[in-house]
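Hydrogens, waters and symmetry mates are skipped; everything else that's a heavy atom, side chains included, is used.
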Amino acid sequence: MCKNHGVAYIEPGVVEVREIEYPKLALGDRKCEHGVILKIVSTNICGSDQHMVRGRTTAPAGLVLGHEITGLVIEAGRDVEFIKVGDLVSVPFNIACGRCRNCKAGQTGICLNVNPARPGAAYGYVDMGGWVGGQAEYVMVPYADFNLLKFPDSDQAMEKIRDLTLLTDIFPTGFHGAVTAGVGPGSIVYIAGAGPVGLACAASCHLLGAAVVIVGDMIDERLAQARSFGCETIDLKKEASLADQIAAITGTPEVDSAVDCVGFEAKGHGHNSNVEQPATVLNSIMEITRAGGQLGIPGLYVTGDPGAVDEAAKKGSLSIRIGLGWAKSHSIHTGQCPVMKYHRQLMNAILYDKVKIAAAVNVEVITLNDSVRGYHDFDKGAAKKFVIDPHGMIRA
């Protein structure tokens, strides 16, 4: 029997690579004939993984992490018809059955059949159905025909694997944030957060034809990365208000669209830049978005945060100025990205050289054994997207 190793959450601030069970085509005691086993080619560290590792969720010790998975099919169940052994595939982080009301409506981020606790599931994530994560050497993927995106040419895909690995979550999520914010040709857009999703969102805004893409953050290295592909930037450590800094760029203190790529661990601006204020981003983007504008919120907000600053925030209750958003007739879109809505189109944009997403988010390929260092550097604000290559298949 082949061995398997994966990255496990141990306790706040601690992850380690452990030997874990080799995956089986099974769901509990039942054979999973609609599933496949993948030999993982690449699997990424996500910013949302860091929320668990920081102890800001109710994630249990021993949880195998990882929901961004690209791999080779090495075994397929009897009922898998269209995905074959040897196919190189991208795995949406959303696990979806393809059969329920929401899946049939394209709302694959809130499938009704893959998580007994609530709609929606993901690999290796707290409260998302208990599925084993993919920061490992091998993983089982259910409902393979529905979920998996097969790359049309494996050799071509491996040449662009640093870009294509981002189709599992970060690129579609950033794109979804831009789309739900109404970004289009000529838009002026503000993106809160220059982490990997914020950078992917900024690249997506360029792809969608935005005229000006402004990215705000507090980490100099991340702001420099945003500038490297044509973004304007705002240093949120400065005392000048966000509106004034936007006006210094565009001549007016407002934007057409705004995207929250930060989420619930947000901090204040200026002299409060070291103070956690979980509603800061939500309130600030309502302030600077024009009347009738749209807000995309792919940044993660949770229903349980044991490390929150107050009792209300521990239950996901934040002091949001909803009256301001209402008065300005803002359209607000929240929730997980339904990856399958976008991943085929974004694959083509990569394959036909319409976007250089790996360069935009500054991909660094590391080994599975180096994943602990990757988590540490990511937590310290490195302007990188760490991609784990567990089998040494990605060429330099």
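- Between the side chains of Tyr301 and Asp260, at least one donor-acceptor pair of N or O atoms lies under 3.5 Å.
- The distance from atom CG of Leu65 to atom CG of Leu63, rounded to the nearest 0.5 Å, is 5.5 Å.
- Remark: Lys267 does not engage Glu276 in a salt bridge, criterion side-chain N to carboxylate O under 4.0 Å.
- Between the side chains of Asp235 and Gln245, no donor-acceptor pair of N or O atoms lies under 3.5 Å.
- Side-chain contact between Ile45 and Ile388: present, with at least one pair of heavy atoms (C-beta onward) separated by less than 4.5 Å.
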_side-chain contact (heavy atoms from CB on, under 4.5 Å) between Glu137 and Tyr22, worked out_ = CA-CA 9 Å; Glu137 295 171 297; Tyr22 187 83; over 6 Å; no
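- Taking a cutoff of 4.0 Å between a charged side-chain nitrogen and a carboxylate oxygen, Lys314 and Asp305 do not qualify as a salt bridge.
- Residue pairs meeting the ring pair (Phe, Tyr, Trp, His ring centres under 6.0 Å) criterion with at least one member in residues 173-208, sequence neighbours excluded, are Phe175-Tyr342, His176-His333, His176-Tyr342.
- Under a 4.0 Å N-O distance rule, the pair Asp370/Arg373 qualifies as a salt bridge.
- Side-chain contact between Asp244 and Ser241 is present, with at least one heavy-atom pair separated by less than 4.5 Å.
- Other residues, nucleotides and ligands place no more than 12 heavy atoms under 6.0 Å from the CD atom of Glu21.
- When hydrophobic clusters are built by joining Ile, Leu, Val, Met, Phe, Trp and Tyr residues whose side-chain heavy atoms come closer than 4.5 Å, directly or via intermediates, Leu88 is not grouped with Val141.
- Remark: the Thr165 side chain and the Asn44 side chain contain an N/O donor-acceptor pair separated by less than 3.5 Å.
- Legend: ring pair (Phe, Tyr, Trp, His ring centres under 6.0 Å) pairs involving residues 86-108, not counting sequence neighbours, sorted by first then second residue: His67-Phe93.
- A salt bridge links Arg54 to Glu265: one of the charged nitrogens lies within less than 4.0 Å of a carboxylate oxygen.
- The side-chain heavy atoms of Ser42 and Val387, taken from C-beta on, include a pair separated by under 4.5 Å.
- For His343 and Phe171, the gap between ring centers reaches or exceeds 6.0 Å.
- Salt-bridge annotation for Lys385 and Glu68: present, with a side-chain N of the basic residue lying under 4.0 Å from a carboxylate O of the acidic one.
- A salt bridge links Asp220 to Lys237: one of the charged nitrogens lies within less than 4.0 Å of a carboxylate oxygen.
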*Test ring-ring contact (aromatic ring centres under 6.0 Å, His included) applied to His34 and Phe146, step by step*: CA-CA 9 Å; His34 50 67; Phe146 183 68; over 10 Å; no
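- We find that Lys315 and Asp310 are not joined by a salt bridge, their nearest charged nitrogen and carboxylate oxygen being 4.0 Å or further apart.
- The existence of a salt bridge linking Asp256 and Arg290 is confirmed by a sub-4.0 Å separation between a basic side-chain nitrogen and an acidic carboxylate oxygen.
- A distance-only check finds a donor-acceptor pair linking the side chain of Asn94 to the backbone of Val339 [under 3.5 Å].
- Between Asn4 and Pro23 there is a side-chain heavy-atom pair separated by less than 4.5 Å.
- In summary, Lys384 and Glu221 do not engage in a salt bridge, as defined by a charged side-chain N under 4.0 Å from a carboxylate O.
- Note that the CD atom of Gln50 and the CZ atom of Arg56 stand 12.5 Å from one another [nearest 0.5 Å].
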